**Student:** 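Before anything else, here's the structure in question.
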Amino acid sequence: MSRVGFIGLGNMGGPMALNVAKAGHTMVVTDIRREAAKPHLDQGAQWADSPKALAQASEIVFTSLPGPREVESVALGPGGILEGAARGAVYVDLSTSSATLIRRIHYIYAERGVDVLDAPVSGGVPGARSGKLAVLVGGDDALYWRIKPVLDAIGDKVMRVGEIGCGTIAKLVHNMVSACARMAIAEGMTLGVKAGVKPEALLDALQRSSFGQGRVLKEMIPNTVFPGNFDTVNFALELLRKDVGLATELGREYHVPMMIAALAEQQLEEALRRGWGQRDSNSIFLLQEERAGVHLRTGKG
Ligand code: NAD
């Protein structure tokens, strides 16, 4: 069992720290709102007056703070963790923050013999309470395996994504994709309901069809995009272009603005102009790969 310090006892950090304590670790806590620590102090945790004092009393220091500004100030600022951490201590940031910042912190801490992991979480407040979070970790592999038993008290899906910063990058990609997907679903559902489908029936149709079954992530990316297999056609691009065109036409009939659908339609038009109509509809990935200057191939295909 370790001496664990926890800074930031908010909606996520509060219950995560309680779960670390429940796993049997000795806890030191702090927050700019002292009242946030009441449940932890009631259960025997110690209070520290500053991140520096907390780090002096801890082998592993966690932060769960709003964002980069607070992380930078607590990790590097006056009275911060770096001023109190002993050589051999470990700092783990659970916040959703900046990959560039955690890489800078890692570099500065390394000179002082303090190890760093980034480990943003996914699963919301219910997941933080129940200990059922995904924890996306970036950092040294041996360090990851050393700290994993403590992370297992926070989440049930703890995974190392890569070197320092990679957990944060994966988390930011996830939240960006989630935001865009929800906006596209909002467009689709307002279209469907305005054109006459009941909301529950539409949701059921979406849930039980290809997209709702998770086929993009489970099948299309590993089977088509990763091996670069765009000429084995499951669903031709020209058919997808037809369907998105019919949907935006329906949107015009019912006066439903659909910005994301319009953008998708224009991208499909560009793919068609390139002569990709008879290729698989996942050729739309090729357009973005070209713009980004990167290929999503694993070389295993
Ligand atoms: P929150 O605002 O509830 O908690 C942040 C805590 O940090 C607060 O208790 C605040 O008082 C404390 N704090 C702020 N500045 C501080 C400082 N300088 N020193 C000490 N304590 C300080 O936020 P949250 O919802 O718990 O989110 C924490 C992090 O987790 C964020 O990065 C967020 O993006 C991420 N996250 C949140 C959720 C969610 O559903 N809420 C889900 C996944 C990830």
Side-chain angles (χ1 to χ4, degrees), residues 4-21 27-43 45-58 60-85 91-103 105 116-138 150-151 153-159 161 164-179 181-182:
V4 175
F6 209 109
I7 306 171
L9 305 165
N11 293 324
M12 295 296 287
M16 287 194 286
L18 286 174
N19 283 334
V20 175
M27 300 294 290
V28 192
V29 296
T30 194
D31 193 295
I32 45 169
R33 300 175 303 120
R34 187 167 176 142
E35 69 276 14
K38 186 165 185 316
H40 310 81
L41 301 182
D42 287 349
Q43 293 194 12
Q46 239 181 49
W47 173 259
D49 280 328
S50 67
K52 174 183 173 179
L54 177 138
Q56 281 167 338
S58 310
I60 306 170
V61 176
F62 285 99
T63 49
S64 175
L65 296 164
R69 204 168 40 144
E70 294 81 8
V71 170
E72 183 170 20
S73 132
V74 166
L76 300 174
I81 297 165
L82 187 59
E83 289 183 3
Y91 167 45
V92 184
D93 184 22
L94 301 162
S95 325
T96 303
S97 178
S98 145
T100 303
L101 173 62
I102 199 69
R103 285 172 169 166
I105 292 170
V116 177
L117 295 172
D118 58 311
V121 301
S122 178
V125 173
R129 292 205 177 115
S130 62
K132 291 198 160 61
L133 290 169
V135 185
L136 311 176
V137 187
V150 188
L151 296 174
I154 290 172
D156 60 340
K157 295 170 284 290
V158 179
M159 65 196 96
V161 185
I164 188 74
C166 289
T168 300
I169 293 165
K171 167 76 187 179
L172 297 179
V173 166
H174 170 271
N175 278 17
M176 183 277 285
V177 169
S178 164
R182 279 182 278 168

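We count ligands from 1, going down the list as the structure has it; atoms in each ligand are counted the same way. Since the model is a prediction, treat every value here as computed from it, not as a measurement.
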**Student:** Which pairs of nitrogen or oxygen atoms, taken one from ligand 1 and one from the protein, are under 3.5 angstrom apart?
**Tutor:**
{"residue": "ligand 1", "atom": "3 (O)", "partner": "Asn11", "partner atom": "N", "Å": "2.9"}
{"residue": "ligand 1", "atom": "3 (O)", "partner": "Asn11", "partner atom": "ND2", "Å": "3.3"}
{"residue": "ligand 1", "atom": "9 (O)", "partner": "Gly10", "partner atom": "N", "Å": "3.3"}
{"residue": "ligand 1", "atom": "9 (O)", "partner": "Asp31", "partner atom": "OD1", "Å": "3.4"}
{"residue": "ligand 1", "atom": "9 (O)", "partner": "Asp31", "partner atom": "OD2", "Å": "2.7"}
{"residue": "ligand 1", "atom": "9 (O)", "partner": "Arg33", "partner atom": "NE", "Å": "3.4"}
{"residue": "ligand 1", "atom": "9 (O)", "partner": "Arg33", "partner atom": "NH2", "Å": "2.7"}
{"residue": "ligand 1", "atom": "11 (O)", "partner": "Asp31", "partner atom": "OD1", "Å": "2.6"}
{"residue": "ligand 1", "atom": "11 (O)", "partner": "Arg33", "partner atom": "NE", "Å": "3.0"}
{"residue": "ligand 1", "atom": "21 (N)", "partner": "Ile32", "partner atom": "N", "Å": "3.4"}
{"residue": "ligand 1", "atom": "26 (O)", "partner": "Asn11", "partner atom": "N", "Å": "3.2"}
{"residue": "ligand 1", "atom": "26 (O)", "partner": "Met12", "partner atom": "N", "Å": "2.8"}
{"residue": "ligand 1", "atom": "32 (O)", "partner": "Leu65", "partner atom": "O", "Å": "2.9"}
{"residue": "ligand 1", "atom": "32 (O)", "partner": "Pro66", "partner atom": "O", "Å": "3.0"}
{"residue": "ligand 1", "atom": "32 (O)", "partner": "Thr96", "partner atom": "N", "Å": "2.9"}

**Student:** Between Ser178 and Arg182, does the side chain to side chain donor-acceptor pair (under 3.5 Å) criterion hold? Intermediate values first, please.
**Tutor:** CA-CA 6 Å; Ser178 164; Arg182 279 182 278 168; 2.9 Å; yes

**Student:** Please enumerate all residues that pass side-chain contact (heavy atoms from CB on, under 4.5 Å) together with Thr168, with sequence neighbours excluded.
**Tutor:** Ala99, Ile102, Asp118, Pro120, Leu172

**Student:** In chain order, what residues pass the side-chain contact (heavy atoms from CB on, under 4.5 Å) check against Ala153, with sequence neighbours excluded?
**Tutor:** Ala23

**Student:** Using a 3.5 Å distance criterion without hydrogens, assess whether the side chain of Lys171 forms a donor-acceptor pair with backbone atoms of Val121.
**Tutor:** yes

**Student:** Step through the shown structure and confirm whether more than 12 heavy atoms of other residues, nucleotides or ligands are within 6.0 Å of CZ on Arg129.
**Tutor:** no

**Student:** What pairs with Asp42 under salt bridge (Lys or Arg N to Asp or Glu O under 4.0 Å), at least two apart in sequence or on another chain?
**Tutor:** Lys38

